[in-house]
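What follows is a set of notes on a single structure, which appears directly below.
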Amino acid sequence: MKKLLLVLIAGTALLAWACTFQVRESEAVIVTRFGDPQRTVSEPGLHFKWPAPVDLLVRVDGRVHVLDPEASEYLTRDKKNLMVNWFAAWSVADPERFVARLGDTEIAAARLQDAIAAEVGSVLGAHDFEDLVSVADGATPDQTALADVNREITELAGARVREDFGVELTVARVKRLNFPTQSKQNVFRRMQAERQRIADELREQGREEAEKLRSDANLEADRLIAEAEQEAVTIEGEARARALEILNQAQGSDRDLMEFLQLLDTLESALDEDDVFVLPPDHWLLEALGDPSAGVPEPAPEESPD
Amino acid sequence: MSSARRISRPVAAGALLLVAGLVWWATTGIWTIQQNEHGVVLTFGGVSRVVPPGMHFTLPAPFEQVLRVPTGEVRQVTVGLASEEELLAEQFEADEPEWLTGDTNIVTLTMVVQYRIGEPEEYLFGVAERLDGRSRDLLVRQVVEGALTQLVSGMTIDEALGAGKPRIQREAKSAAQAQLDELGMGVTLLSANISEAAPPSQVLSAFNDVASASADRERMLSQADGYRRERIPQARAESRDIVNSAKGRAEKLVSEATGRAAAFRALAGEYQSDPELTRKRLLFEALRSVFDRVRVRVLGADADGNSVYRIGR
């Protein structure tokens with residue numbers, strides 16, 4: 001009796017095990033009946049099936065997988081060589097087609113990589129360099145020209161892999177863009193030359209502006225001094241006029257005296273050693289000079305102007 | 001003693017074992033979720049609920065299972081260059097941190113991104129593990145890298161190295177977050193900070209020269225300004241002097257004239273009261289100085305009978 005119970009329990013357990021299967025989160029399970037795919041179960045949890053070998057299971061990983069190959073060289077339309085590193089994220093959209101065309105995730109990765117690489121090459125080859133790299137003021141990452149090209153790659157590659165492999169491409173885009181090492185030297189040379197030009201310009205600007213400041217200062221200084229000198233001339237001129245006026249006013253009160261004084265001035269400057277004063281003995285000047293007896297007799301009379 | 005009551009040893013042992021087994025089996029349904037993690041409960045393989053830190057009970061394995069997710073952990077990734085720890089952990093490869101700018105220049109830029117697992121369920125089942133065995137989190141770095149490449153491709157090198165840095169941080173983070181959400185990775189970016197931004201080492205000296213040229217220009221301008229600051233006040237002082245000495249001379253002229261006018265008026269007074277005497281006096285004073293120079297002869301006889309004799313020379 002006990003043995004029967006044990007067998008019953010064991011049998012039920014075995015049956016349960018053989019007729020159920022778990023679908024894990026983000027997993028799709030294809031149930032095949034005698035090899036032909038019958039249905040695809042994506043709902044996580046416990047499900048029922050006929051025991052093997054009637055119903056067999058093929059599990060498909062429905063999560064997002066990342067493709068991330070090494071960088072390689074690509075050519076743009078205008079023949080520029082670029083080192084491009086791209087990455088892509090894909091997931092299974094159509095499990096049955098995926099299994100039929102690709103099989104499992106590992107095989108898929110290699111095939112998808114080739115397919116996407118080809119698309120990347122063709123898109124890049126259809127664009128000029130400036131379609132990839134060009135200044136766009138204030139553009140957010142998604143507004144740049146490169147973003148447009150990335151969207152193009154995602155769209156074209158996406159359409160292809162969906163058609164061919166039943167795969168959904170969430171994104172395929174350029175991760176890094178650079179010149180190959182050989183070309184970089186040219187870029188560095190150009191950058192150096194540009195910086196040198198900017199430096200030269202700055203220094204030249206400095207020189208010019210400094211020169212201008214200095215000459216403006218000198219001009220201003222000269223102007224100030226010229227103005228002052230002008231004023232000085234005016235002041236002195238006015239003073240001279242005023243002085244003359246004062247004198248004229250005074251001297252005008254007695255013209256005789258003024259003339260007499262002028263005559264004396266003239267006499268004083270005109271007389272020198274060639275001139276002789278001949279005076280009568282009773283001239284008041286002799287008296288005034290105070291020592292007529294100091295005179296010395298002369299043998300003969302001489303010429304006398306007067 | 002009834003034989004029906006006696007339980008044989010092997011059976012008792014078996015029952016005990018069974019009970020112990022059942023108890024043990026039940027404990028596989030007891031879980032303690034730590035403070036810095038969350039638990040994702042799988043029921044028959046599918047996610048039934050997400051539980052916070054604390055003690056939780058589930059059906060025993062294999063019916064239910066709890067996967068632990070470290071939601072409290074802040075993780076870090078360096079874009080552009082692998083950090084030492086990352087290199088040591090062999091998780092990321094060393095890289096040249098070079099980026100192309102919109103004006104076809106090259107900059108070197110390194111960015112440190114911090115993130116945490118925001119959605120435990122998404123994190124576990126969104127993005128698969130990598131085939132090459134490296135961490136799934138590499139995708140964060142790749143997404144940020146892509147955003148940076150796009151962003152910098154639209155900037156000039158001067159912007160990227162200067163005023164554009166805050167914008168780079170802000171926009172790379174937001175674009176990367178949007179992309180990560182689209183991919184369903186369940187990761188929340190906390191910060192994206194530029195740790196280094198410079199021209200490539202091959203052209204660094206040329207760039208530095210621009211900075212020193214700018215400094216030179218400043219210096220030249222301030223020197224010229226200094227010159228101006230001296231020259232103008234100097235000129236002002238000079239012009240003040242010119243005007244002041246002119247005023248001085250002017251005053252002297254006027255006071256001289258005033259003095260002479262006063263002297264004349266005094267003399268005129270004298271002259272008017274006695275013209276003859278004043279004339280003689282003036283004449284005498286004038287000639288006194290002259291008499292040293294000229295010859296003076298006196299007409300008339302002297303004691304000896306001579307007709308002309310001289311005075312002085």
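Below, chains carry the letters A, B, ... as their sequence lines are ordered, and counting in each starts from 1.
Contact count versus chain A (heavy atoms, under 4.5 Å) is highest, among B/R219, B/R167, B/M155, B/E238, for B/R167. Heavy-atom pairs under 4.5 Å with chain B peak, among A/L224, A/L257, A/T144, at A/L257. Per-residue heavy-atom pair counts under 4.5 Å with chain A were compared for B/V243, B/V144, B/N244, and the maximum is reached by B/V243. Per-residue counts of heavy-atom pairs under 4.5 Å with chain B were compared for A/M191, A/Q185, A/R189; the largest is that of A/M191. With chain A as the partner, the residue from B/S245, B/G154, B/A206 showing the most heavy-atom pairs under 4.5 Å is B/G154. Among A/G62, A/G45, A/P44, the residue making the largest number of heavy-atom pairs under 4.5 Å with chain B is A/G45. Here A/G138 is the residue among A/A109, A/A89, A/G138, A/A226 with the most heavy-atom pairs under 4.5 Å with chain B. Chosen from A/L261, A/I235, A/D200, the residue pairing most often with chain B at heavy-atom distances under 4.5 Å is A/I235. Note on A/E229, A/Q251, A/Q205: by heavy-atom pairs under 4.5 Å with chain B, the leading option is A/Q251.
For a residue to count as touching a neighbouring chain, one of its non-hydrogen atoms must lie under 4.5 Å from one of that chain's; by this rule A/D61 touches chain B with the side chain only. For A/F129, the part lying near chain B is the side chain, with the backbone staying farther off; criterion is any non-hydrogen pair under 4.5 Å. Both the backbone and the side chain of B/I106 come within less than 4.5 Å of a heavy atom of chain A. Both the backbone and the side chain of B/S212 come within less than 4.5 Å of a heavy atom of chain A. Only the side chain of A/V187 comes within less than 4.5 Å of a heavy atom in chain B; its backbone stays farther off. Only the side chain of A/N150 comes within less than 4.5 Å of a heavy atom in chain B; its backbone stays farther off. Only the side chain of B/R130 has a heavy atom closer than 4.5 Å to any heavy atom of chain A. Contacts between A/A145 and chain B at a heavy-atom distance below 4.5 Å are absent for every atom of the residue. For A/R240, the parts lying under 4.5 angstrom from a heavy atom of chain B are both the backbone and the side chain. Contacts between B/Q179 and chain A at a heavy-atom distance below 4.5 Å involve the side chain alone, from C-beta outward. For A/F87, the part lying under 4.5 angstrom from a heavy atom of chain B is the side chain only. There is no contact between A/L263 and chain B, counting heavy-atom distances below 4.5 Å. Of the two parts of B/V143, the backbone and the side chain both hold a non-hydrogen atom closer than 4.5 Å to a non-hydrogen atom of chain A. Both the backbone and the side chain of B/I232 come within contact range of chain A, judged by heavy atoms closer than 4.5 Å. Interface residue B/Q142: backbone and side-chain heavy atoms are both found under 4.5 Å from chain A.
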- Assess whether side chain to side chain contact (heavy atoms under 4.5 Å, CB included) is satisfied between B/F44 and A/H47, documenting all intermediate values. CA-CA 9 Å; B/F44 294 117; A/H47 297 273; over 6 Å; no

- Task: Go through A/T140 and B/L151 one step at a time and tell me if the side chain to side chain contact (heavy atoms under 4.5 Å, CB included) criterion holds.
- Result: CA-CA 6 Å; A/T140 65; B/L151 185 56; 5.7 Å; no

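Ion pairing between B/D209 and A/R203 holds under the 4.0 Å rule for side-chain N and carboxylate O. Electrostatic pairing of B/E98 and A/K184 counts as a salt bridge here, judged by a charged N lying under 4.0 Å from a carboxylate O. Ion pair B/K247/A/E236 not flagged as a salt bridge, since none of the NZ, NE, NH1 or NH2 atoms sits closer than 4.0 Å to an Asp/Glu carboxylate oxygen.
Summarising the geometry of B/A175 relative to A/D142, their closest heavy-atom pair is CB-OD2, 4.4 Å, with the distance given to 0.1 Å. Residues B/A250 and A/A239 come closest through the heavy atom pair CB-CB, 3.3 Å. In this structure, A/I225 and B/S239 approach most closely via the heavy-atom pair CA-CB, 4.3 Å. In terms of heavy-atom proximity, A/L146 sits nearest to B/S153 at CB-OG, 3.7 Å. Summarising the geometry of B/G102 relative to A/V135, their closest heavy-atom pair is C-CG2, 3.5 Å, with the distance given to 0.1 Å. Smallest separation of non-hydrogen atoms from A/D68 and B/R134: OD2-NH2, 4.0 Å.
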Determine all donor-acceptor pairs shorter than 3.5 Å in which one atom belongs to a side chain in residues 192-199 of chain A; sequence neighbours excluded.
from	atom 1	to	atom 2	distance (Å)
A/R195	NH1	B/D158	OD1	3.1
A/R197	NH1	A/E201	OE2	3.1

Name each donor-acceptor pair under 3.5 Å that joins a side chain in residues 256-271 of chain B to protein atoms two or more places apart or in another chain, with its distance.
from	atom 1	to	atom 2	distance (Å)
B/T258	OG1	B/V254	O	2.5
B/E270	OE1	B/R281	NH2	2.8
B/Y271	OH	B/R279	NE	3.4
B/Y271	OH	B/R279	NH2	3.2

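Looking at A/E25, its side chain never comes within 3.5 Å of a backbone N or O of B/G46 through a donor-acceptor pair. A side-chain donor-acceptor contact under 3.5 Å links A/S26 to the backbone of B/F125. Checking side-chain atoms of A/R190 against main-chain N and O of B/T104 turns up a donor-acceptor pair under 3.5 Å. The backbone N or O of B/L183 lies less than 3.5 Å from no partner atom in the side chain of A/T170, so there is not a single donor-acceptor pair.
Within the 4.5 Å cutoff, the side chain of A/E220 has no heavy atoms near those of the B/R231 side chain. You'll find the side chain of B/L100 reaches within 4.5 Å of the side chain of A/N178, heavy atoms only. Residues B/R136 and A/R63 are in side-chain contact: their nearest non-hydrogen atoms beyond the backbone lie under 4.5 Å apart. Side-chain contact check for B/T149 versus A/K175: every heavy-atom pair is 4.5 Å or farther apart. Side-chain contact between A/L202 and B/V210 is present, with at least one heavy-atom pair separated by less than 4.5 Å. When side chains are defined from C-beta on, B/R228 does not count as touching A/R214, because their heavy atoms never get closer than 4.5 Å. Residues B/Q150 and A/Q143 fail the side-chain proximity criterion, which asks for heavy atoms closer than 4.5 Å.
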